[in-house]
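One structure is given below, encoded as structure tokens.
The basis for the numbers below is simple: all heavy atoms, side chains too, and nothing from hydrogens, waters or symmetry mates. Computed from a predicted model, the values in this text were never measured in an experiment.
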Amino acid sequence: MISTPVFSAFINQAEVLKLNPKQQEFMLRYGKWMDDFIGVIRKKKAEPGNPEHKKAITVLSEKAEGFKPKLTEFLKDEPFALIYHASIDKMSKEIK
């Protein structure tokens with residue numbers, strides 16, 4: 001079910017399976033976004049002067065805005081909120 005590297009490395013698949021299908025689908029899309037974001041951050045760290053990385057971060061940040069309505073809705077569900085916050089914590093550690 002969880003095929004993105006961030007989620008497969010950080011999130012217990014059994015926990016994700018507790019989510020409803022719409023939440024699972026959201027987490028898959030969000031996990032893909034996280035993978036992309038981490039990749040761009042790594043590139044930016046390696047080549048801080050490259051303007052393409054700044055553009056990519058801007059595009060990904062705009063894409064993240066599109067997640068907000070569903071995210072706000074899903075965060076009302078405690079199991080979802082716990083999984084989401086765990087993924088954010090682990091992503092933060094990954095990009096430091």
Measuring from atom [atom1] of [X] to atom [atom2] of [Y], what distance do you get when rounded to the nearest 0.5 angstrom?
{"X": "Lys32", "Y": "Phe37", "atom1": "NZ", "atom2": "CZ", "answer": "14.0 Å"}
{"X": "Ile41", "Y": "His53", "atom1": "CD1", "atom2": "NE2", "answer": "10.5 Å"}
{"X": "Lys18", "Y": "Leu82", "atom1": "NZ", "atom2": "CG", "answer": "9.5 Å"}
{"X": "Asp36", "Y": "Leu60", "atom1": "CG", "atom2": "CG", "answer": "6.0 Å"}
{"X": "Asn50", "Y": "Lys43", "atom1": "CG", "atom2": "NZ", "answer": "9.5 Å"}

- prompt: With sequence neighbours left out, which residue pairs that include part of residues 48-62 fulfil the salt bridge (charged side-chain N to carboxylate O under 4.0 Å, His left out) condition?
  reply: Glu52-Lys55
message: Tell me whether Lys45 contacts the main-chain N or O of Ile95 through its side chain, where contact means a donor paired with an acceptor under 3.5 Å.
response: yes
field: Residue pair Leu19 / Pro79: nearest heavy atoms and the distance that separates them
entry: CD2-C, 4.1 Å
field: Where Ser87 and Met27 come nearest, the two heavy atoms and their spacing
entry: OG-CE, 4.2 Å
message: Tell me every residue that passes salt bridge (charged side-chain N to carboxylate O under 4.0 Å, His left out) with Glu65, counting only those two or more places apart in sequence or in another chain.
response: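 Checked Glu65 against salt bridge (charged side-chain N to carboxylate O under 4.0 Å, His left out); matches are Lys68.
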- prompt: Can you name the side chain to side chain donor-acceptor pair (under 3.5 Å) partners of Asp77, sequence neighbours left out?
  reply: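 By the side chain to side chain donor-acceptor pair (under 3.5 Å) rule, Asp77 matches Gln23.
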Given Phe74, Trp33, Tyr84, the one that forms ring pair (Phe, Tyr, Trp, His ring centres under 6.0 Å) with Phe26: Phe74
- prompt: Can a salt bridge be assigned to the pair Glu25 and Arg29 using a cut-off of 4.0 Å between side-chain N and carboxylate O?
  reply: yes
- request: Look at the side-chain heavy atoms of Ile, Leu, Val, Met, Phe, Trp and Tyr, link any pair under 4.5 Å apart, and say whether Val59 and Met91 land in one connected group.
  value: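 No; Met91 is not reachable from Val59 via cluster members.
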